Novice: 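Right, I'll just put the structure down here and ask away after.
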Amino acid sequence: QIQLVEAGGGLVQAGGSLRLSCAASGRSLNYYAMGWFRQAPGKEREFVVASDWSGHKTNYADSVKGRFIISRDNAKNLVYLQMNTLKPEDTAVYYCAAVESALVIIGRGDYKYWGQGTQVTVSS
């Protein structure tokens with residue numbers, strides 16, 4: 001079993017940047033595919049980006065492609081989401097998620113472990 005804790009959310013102006021982190025405990029991230037999802041008020045939780053266990057293969061939602069970057073440091077059990085050129089529509093609670101797999105997993109329902117989320121608010 002693995003536990004996930006996100007950090008790094010906050011309030012930022014449009015065009016700014018934030019870096020979210022997801023700290024894992026309980027087991028090495030070497031065994032896990034990781035994903036970031038987000039949920040805006042009144043909307044369903046949506047896929048943002050996913051990484052295979054190594055971080056070498058990734059998949060981004062079209063809405064964040066070219067602006068967001070996922071990275072991971074398995075030795076430190078950390079996953080990051082660098083968010084650049086933020087837009088008001090990026091405002092949401094951001095969640096990291098994990099599932100035991102070597103592949104890139106993009107389906108929300110395929111993830112087994114979730115963090116509690118961190119709020120990101122982008123002002124116009």
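Bear in mind the structure is a predicted one, so any value in this text is a computation, not a measurement.
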Novice: For Ser28, give me all partners under side chain to side chain donor-acceptor pair (under 3.5 Å), at least two apart in sequence or on another chain.
Specialist: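 Only Asn30 meet the side chain to side chain donor-acceptor pair (under 3.5 Å) criterion with Ser28.
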Novice: Decide side chain to side chain contact (heavy atoms under 4.5 Å, CB included) for Met34 and Leu4; before the verdict, give the C-alpha distance in whole Å, the side-chain angles of both, and the deciding distance to 0.1 Å.
Specialist: CA-CA 11 Å; Met34 298 296 297; Leu4 304 172; 4.2 Å; yes
Novice: Can you establish whether the number of heavy atoms outside Lys43 located under 6.0 Å from its atom NZ is more than 12?
Specialist: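 Result for NZ/Lys43: open.
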Novice: Quick one: do Tyr95 and Val122 end up in the same hydrophobic cluster if we chain Ile, Leu, Val, Met, Phe, Trp and Tyr together by side-chain heavy atoms under 4.5 Å apart?
Specialist: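 Looking at the clustering, Val122 is in a separate group from Tyr95.
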Novice: For Tyr111, give me all partners under ring-ring contact (aromatic ring centres under 6.0 Å, His included), at least two apart in sequence or on another chain.
Specialist: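 Expected list: Phe37.
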Novice: Tyr113: what forms a ring-ring contact (aromatic ring centres under 6.0 Å, His included) with it, not counting sequence neighbours?
Specialist: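 Result, ring-ring contact (aromatic ring centres under 6.0 Å, His included) vs Tyr113: none returned.
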Novice: Do Cys96 and Val79 have side-chain heavy atoms sitting under 4.5 Å apart?
Specialist: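 No, their side chains stay 4.5 Å or more apart.
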Novice: Let's go through Gln119 and Thr91 carefully: what are the C-alpha distance in whole Å and the side-chain angles of both, what is the deciding distance for side chain to side chain contact (heavy atoms under 4.5 Å, CB included) to 0.1 Å, and is it a yes or a no?
Specialist: CA-CA 8 Å; Gln119 176 71 47; Thr91 295; 4.0 Å; yes
Novice: Can Val49 be reached from Trp53 by stepping across I, L, V, M, F, W or Y side chains whose heavy atoms are under 4.5 Å apart?
Specialist: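 Hydrophobic grouping puts Trp53 apart from Val49.
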Novice: Of all heavy-atom pairs between Ile70 and Ala50, which one has the smallest distance, and what is that distance?
Specialist: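 Closest heavy-atom pair between Ile70 and Ala50: CD1-C, 4.2 Å.
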Novice: Are Ile2 and Leu29 close enough that some pair of their side-chain heavy atoms sits under 4.5 Å apart?
Specialist: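 Ile2 vs Leu29: side chains touch.
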Novice: Could I get the full list of side-chain contact (heavy atoms from CB on, under 4.5 Å) partners for Arg19, not counting sequence neighbours?
Specialist: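 side-chain contact (heavy atoms from CB on, under 4.5 Å) list for Arg19, sorted by chain: Tyr80, Gln82.
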Novice: For the residue pair Leu81 and Trp36, establish whether any side-chain heavy-atom pair is separated by less than 4.5 Å.
Specialist: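 Yes. Closest side-chain heavy atoms under 4.5 Å.
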Novice: Name all pairs fulfilling the salt bridge (Lys or Arg N to Asp or Glu O under 4.0 Å) condition that reach into residues 93-108, sequence neighbours left out, sorted by first residue then second.
Specialist: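 Sorted result for residues 93-108: Arg27-Glu100.
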Novice: Apply side chain to side chain contact (heavy atoms under 4.5 Å, CB included) to the pair Asn74 and Tyr32, showing each step before the final yes or no.
Specialist: CA-CA 10 Å; Asn74 287 353; Tyr32 292 86; over 6 Å; no
Novice: Pair Leu20, Glu6 - check side chain to side chain contact (heavy atoms under 4.5 Å, CB included), show working.
Specialist: CA-CA 7 Å; Leu20 307 182; Glu6 301 95 336; over 6 Å; no
Novice: Less than 4.5 Å apart, side chain to side chain, heavy atoms only: is that true for Asp110 and Val99?
Specialist: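 Contact flag for Asp110/Val99 side chains = no.
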Novice: Say whether, by atom type as modelled, one donor and one acceptor occur between the side chain of Arg45 and the main chain of Val93 under 3.5 angstrom.
Specialist: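 Flag not set: sc Arg45 to bb Val93 has no pair under 3.5 Å.
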Novice: Could you work out, with side chain to side chain donor-acceptor pair (under 3.5 Å) as the rule, every residue matching Asp90, not counting sequence neighbours?
Specialist: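 Checked Asp90 against side chain to side chain donor-acceptor pair (under 3.5 Å); matches are Arg38, Arg67.
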